[in-house]
Participant: 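Quick one: the structure is below, questions incoming.
All values below were derived from every heavy atom in this structure, side-chain atoms included, with hydrogens, water molecules and symmetry-related copies excluded. FYI, the numbering just counts along the sequence from 1.
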Amino acid sequence: MRQRPIPRRTPGNLPSDLSGFVGRGVELAELERLLESSRLVTVTGAGGVGKSRLVLAAARAAAVAADPAATASPSQERYCDGVWLAELACVRDPALLELTIAEALGLTDHTTRPPRTVLAEHLAERRLLLVLDGFEQLVDETATLVRDLLRGSPGLRVLAAGRRPLTLDGELSWPLAPLDPEEALALLIDRAAAADPAFTLTEANRAVLAELCARLDGLPLALELAAGRLRTLTPAQVLARLEDRFALLTGGSRGALPRHRALRTAIGWSHELCTAGERLLWARLSVFAGQFDLDAAEYVCAGPDLPVESVLDLVGELLGQSLLVREETAAGARYRMLETVRIYGAGWLESLGDAGRLRRRHRDWYMGLATWCELDWFSPRQQEVAALVEAELPNLRLALECCLDEPDEIHLGQYLAGTLWFYWAGCGRLTEGRHWLDRTLEGGPAGPAQPSGYESSRLKALWVLGYVAALQGDSVASMSALYECRDGAALSGNQVAGAYAVHRMGCLALISDDMARARELLGSALERYREAGELNSNVLMCQVELAMALAFQGELPGALSLCEEVRDICEERGERWTKAYALYVLAYAALDAGGTAEARRLLSECVAVNHVFRDLVGLVLAVELLALVTVAEGHPAEAAVLQGAAEPMWDGVGMRLFGSGYFNAPRLMCQERAGELLGAERYASCARHGRTLGVDALVERALRGPEPAPAPAGPLPRPRATADRPMGHPGAKSRKPAGSPKGEPAG
């Protein structure tokens, strides 16, 4: 049976079913019934038996039932917060388990809180279905996490798929059997017709096809592999090869389940039918984690025995045999190998004794990719770069692990973790960035006595760690890393690393309300950047941060000049991420001058860009200022909604509003003015409604703007601040960032 499309109104991230879901009607109904009675259902079975397809079909059915436009059903209440899929097959590091699930749920968290805490807080009051697929390599860690989440989240239900159960109290473990003969035949015919439209079921081939289904024990993966072969072989030829050449494999070991033997037979049979080049490419492609593109396959897998010009044709052959799957993504066409097929290829690669070399080639490709992406971040392709790194994250993780596995190559890991700064800071990945930066820096030697390549890699990782930790609100770790970077750069004569260290010290001073020190450090960093000939997104961000320090102290002409220059350069280069922060400062100045329409226009673009890049810091700052614009326009209720919506976003940033009176001023001013106009009770009601909005809904609402209304009810205080009196924060005093000795020079 085929699933109808999921309405867009249903929250979640389920992929579309490109090839259709065939059969399993009884099992699907039973699985839906089990989900009605249990909060944890685990579908178990051998690789290739169809666990993933079944749980996704059940999840899609649950999402359809939960759609508000559908006929009323219990699922509308049970899954009112959506149906979400977390694919875990590529996760090997237990520390990334919670992070992967949080990402699947669309959570962006910049804090130093453990990802498990973030997950628990997010799920505590929500009613949703979480689908976990491919957890068996981390079964103990997954079981502990699921147990804790279910205990703390009464509205959560979990549907899992793996080769073994989680073995938790209250779990309904349901072993999935192979397809029955009729369904197996239907699947084989469906997939064969998809591979070759001329293929049809006839009286002449029915018996042979039925026998083929029986010999493959009704395993969906085995049937799909066989269907790929029916493009070039007749059913009788396929059956003959299966019987004659693999009788021994069919028997397998005495203790193996029949379906395990059948799957091994099907994959081994497919392997034997491949040409030598196809087999070699299959083995080498097994080094990839998740998806990969053709360029990566050509670089990693080609060699004297596999010419680069042959890789494209060989990929096409593996696609035709259902050994590879082609998927369209935001980063373009990509390929993926089913996990069971990948494992078979990895075993073959190990037997060839070539696994270590291929892993190093894989690492080298992704180091080169990260380097190119860092350079291309400062270009019109910024959004494409973000999508590419997002798609390649499993492979980048694998490359980082490869660096950490070899003590002599830790410096490569430091370089890779540091080079991805734009992704960690610009695309909402601070927690993961901190994980890899900490690991690579812990594993390598410190100090300038190491070789220059090691030293520059470590210095880069240090300033990136200082940046990430500052944005997380961890000033102690930030200053420790930045001081080490600054001192190491001075001893080694690394002018660029020294500039970055001073810049990030200035950034930390800025969010710690020490505007005098921020101006000194950021100004010094800009001079160092100019002397070194450095121009990129970091340099422009330093200029924006200096403008923020000026604006917060009431020096708006200087702030405007700096940000207008940044905006012009960004528009010339096609850079959008840094431009969004410049627009924030320009909107701040426009509002101060009474230009609410101009401030709204600037902030709307700022909100849209930060949402695209998942930059929670930039997004929440823009929303807070937009709320102040909204109350100035005469819409206090809408301003209160935006204020309420921003509150949970700040929980994900770290220390609320960085603990800053300057950054907090727009919120306090808006709260005071909107509260006066609405009254305490109505303001609180509007803010509560705002807190129910997800990020997507908030952004849509912010960009749409309020309905037209009469002129503002009375003058609104302008967002002006001075060095000792942050705007809207009468009693605040300027504070030094942690670890900054009084009177210490900038560099």
Participant: Do Val41 and Glu171 come within less than 4.5 Å of each other through their side chains, counting heavy atoms only?
Facilitator: no
Participant: Can you tell me which residue among Val325, Thr329, Leu294 is in a side chain to side chain contact (heavy atoms under 4.5 Å, CB included) with Arg334?
Facilitator: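 Looking at Val325, Thr329, Leu294, the match for Arg334 under the side chain to side chain contact (heavy atoms under 4.5 Å, CB included) is Thr329.
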Participant: The test is side chain to side chain donor-acceptor pair (under 3.5 Å); show your working for Glu392 and Tyr366 and say whether it passes.
Facilitator: CA-CA 9 Å; Glu392 294 288 13; Tyr366 284 100; 3.2 Å; yes
Participant: For Val43, is there any backbone N or O sitting under 3.5 Å from a side-chain donor or acceptor partner on Ser173?
Facilitator: no
Participant: Answer yes or no: is there a side-chain heavy-atom contact under 4.5 Å between Leu156 and Val158?
Facilitator: yes
Participant: Please walk me through it: do Leu285 and Cys301 pass side chain to side chain contact (heavy atoms under 4.5 Å, CB included)?
Facilitator: CA-CA 7 Å; Leu285 288 175; Cys301 301; 3.7 Å; yes
Participant: To the closest 0.5 Å, what do you measure between CG (Asp405) and CZ (Arg363)?
Facilitator: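 That separation rounds to 10.5 Å.
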Participant: Among all residues two or more places apart in sequence or in another chain, which pass the salt bridge (charged side-chain N to carboxylate O under 4.0 Å, His left out) test with Arg342?
Facilitator: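 By the salt bridge (charged side-chain N to carboxylate O under 4.0 Å, His left out) rule, Arg342 matches Glu339.
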Participant: Over all heavy atoms of both residues, which pair between Pro11 and Asp81 is shortest? Give the atoms and the distance, please.
Facilitator: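 Result for this residue pair: CB-O, 3.8 Å.
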Participant: Restricting to ring-ring contact (aromatic ring centres under 6.0 Å, His included), what partner residues turn up for Trp174, sequence neighbours left out?
Facilitator: none
Participant: Just to verify, what does Glu27 make a side-chain hydrogen bond (donor to acceptor under 3.5 Å, both in side chains) with, not counting sequence neighbours?
Facilitator: Arg24
Participant: How close do Pro154 and Ala124 get, heavy atom to heavy atom, and via which atoms?
Facilitator: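 So the two residues come closest at CD-O, 3.7 Å.
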Participant: Between Val55 and Lys51, is there a side-chain heavy-atom distance shorter than 4.5 Å?
Facilitator: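 No - every pair of side-chain heavy atoms lies 4.5 Å or more apart.
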Participant: Do Tyr423 and Phe613 have side chains that approach each other closer than 4.5 Å (heavy atoms only, starting at C-beta)?
Facilitator: no
Participant: Give the minimum heavy-atom separation between Phe135 and Ala160, together with the two atoms involved.
Facilitator: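 Closest heavy-atom pair between Phe135 and Ala160: CE2-CB, 3.8 Å.
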Participant: So Tyr335 and Phe292, would you call those rings parallel, tilted or perpendicular, with 30° and 60° as cut-offs?
Facilitator: tilted
Participant: Among residues two or more places apart or on two chains, list those pairs meeting side-chain hydrogen bond (donor to acceptor under 3.5 Å, both in side chains) that have a residue in residues 128-156.
Facilitator: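 Found Ser52-Asp133, Arg116-Asp148.
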Participant: Check the surroundings of atom CZ in Arg164: do more than 12 heavy atoms from other residues, nucleotides or ligands lie under 6.0 Å from it?
Facilitator: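 Not buried by this count: 12 neighbours or fewer within 6.0 Å.
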Participant: So, taking the atom named CD in Glu121 and the one named OG1 in Thr117, what distance separates them when rounded to the nearest 0.5 Å?
Facilitator: 6.5 Å
Participant: Would you call Leu388 and Leu369 a side-chain contact if the rule is heavy atoms closer than 4.5 Å?
Facilitator: yes
Participant: Minimum heavy-atom separation for Val389 to Cys373, with atom names?
Facilitator: CG2-SG, 3.9 Å
Participant: List the steps, then state whether side chain to side chain contact (heavy atoms under 4.5 Å, CB included) holds for Arg92 with Leu398.
Facilitator: CA-CA 9 Å; Arg92 297 291 183 268; Leu398 195 62; 5.7 Å; no
Participant: Within the side chain of Trp282, is there an N or O that forms a donor-acceptor pair under 3.5 Å with the backbone of Val341?
Facilitator: yes
Participant: Output the distance between atom CG (Leu105) and atom CG (Leu123), rounded to the nearest 0.5 Å.
Facilitator: 6.0 Å
Participant: Can you list the residues that meet the salt bridge (charged side-chain N to carboxylate O under 4.0 Å, His left out) rule with Glu30, with sequence neighbours excluded?
Facilitator: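 Salt bridge (charged side-chain N to carboxylate O under 4.0 Å, His left out) check on Glu30 returns Arg33.
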Participant: Can you list the residues that meet the ring-ring contact (aromatic ring centres under 6.0 Å, His included) rule with Trp84, with sequence neighbours excluded?
Facilitator: none
Participant: With side chains defined as the heavy atoms from C-beta onward, is the minimum distance between Glu432 and Leu393 less than 4.5 Å?
Facilitator: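 Side-chain contact under 4.5 Å: yes.
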Participant: Do Leu223 and Arg191 have side-chain heavy atoms sitting under 4.5 Å apart?
Facilitator: no
Participant: Of all the heavy-atom pairs spanning Pro175 and Thr44, show the shortest one and how long it is.
Facilitator: CA-OG1, 3.3 Å
Participant: As an exercise, state the distance from CG of Leu233 to CG of Leu239, rounded to the nearest 0.5 Å.
Facilitator: 11.5 Å
Participant: Please check this pair: side chain of Asp615 against backbone of Cys427, looking for a donor-acceptor N/O pair closer than 3.5 Å.
Facilitator: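 Checking the backbone N and O of Cys427 against the side chain of Asp615, no donor-acceptor pair under 3.5 Å is found.
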Participant: Determine whether Leu212 and Leu188 make a side-chain contact, defined as any pair of heavy atoms from C-beta on separated by less than 4.5 Å.
Facilitator: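 Yes. Closest side-chain heavy atoms under 4.5 Å.
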Participant: Output yes when a side-chain donor or acceptor of Asn395 lies under 3.5 Å from a complementary backbone atom of Gly290, and no otherwise.
Facilitator: no
Participant: My understanding is that only residues two or more places apart in sequence, or in another chain, count here; which of them pass side-chain contact (heavy atoms from CB on, under 4.5 Å) with Ala210?
Facilitator: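 side-chain contact (heavy atoms from CB on, under 4.5 Å) check on Ala210 returns nothing, list empty.
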Participant: Side chain to side chain contact (heavy atoms under 4.5 Å, CB included), that's the test. Do Leu34 and Leu159 meet it? Break it down for me.
Facilitator: CA-CA 10 Å; Leu34 293 176; Leu159 175 59; over 6 Å; no
Participant: Evaluate the side chain to side chain contact (heavy atoms under 4.5 Å, CB included) criterion for residues Leu324 and Arg336: first the C-alpha distance (whole Å), next the side-chain angles of each, then the deciding distance (0.1 Å), finally the verdict.
Facilitator: CA-CA 6 Å; Leu324 284 180; Arg336 176 175 58 85; over 6 Å; no
Participant: If you measure from SG on Cys274 to CG on Leu314, what distance do you get to the nearest 0.5 Å?
Facilitator: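 Going from the SG atom of Cys274 to the CG atom of Leu314 covers 9.5 Å.
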Participant: Does the pair Arg127/Glu125 count as a salt bridge with the N-to-O cut at 4.0 Å?
Facilitator: no
Participant: Which residues pass the side-chain hydrogen bond (donor to acceptor under 3.5 Å, both in side chains) test with Glu278, not counting sequence neighbours?
Facilitator: Gln321
Participant: State the OG-CG distance between Ser37 and Leu172, to the nearest 0.5 angstrom.
Facilitator: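 Ser37 OG to Leu172 CG: 5.5 Å, rounded to 0.5 Å.
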Participant: Ion pair present between Arg439 and Glu401, side-chain N to carboxylate O less than 4.0 angstrom?
Facilitator: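 Between Glu401 and Arg439 there is a salt bridge, with a charged N closer than 4.0 Å to a carboxylate O.
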Participant: Between Arg429 and Glu390, is there a salt bridge with N-O shorter than 4.0 Å?
Facilitator: yes
Participant: Return the set of residues passing side-chain hydrogen bond (donor to acceptor under 3.5 Å, both in side chains) with Arg359 (not counting sequence neighbours), or none when no residue passes.
Facilitator: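 Applying side-chain hydrogen bond (donor to acceptor under 3.5 Å, both in side chains) to Arg359 gives Glu350.
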Participant: State which residues pass side-chain hydrogen bond (donor to acceptor under 3.5 Å, both in side chains) with Arg126; sequence neighbours excluded, sorted by chain then number.
Facilitator: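 Arg126 satisfies side-chain hydrogen bond (donor to acceptor under 3.5 Å, both in side chains) with His122 once adjacent residues are dropped.
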Participant: Which heavy atom of Val300 sits nearest a heavy atom of His362, and at what distance?
Facilitator: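 In this case the closest contact between Val300 and His362 is CG2-CA, 3.9 Å.
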Participant: Can you name the residues that form a side-chain contact (heavy atoms from CB on, under 4.5 Å) with Thr167, not counting sequence neighbours?
Facilitator: Pro165
Participant: Just to verify, what does Pro235 make a side-chain contact (heavy atoms from CB on, under 4.5 Å) with, not counting sequence neighbours?
Facilitator: Phe199, Asn205, Val208, Leu209, Leu230
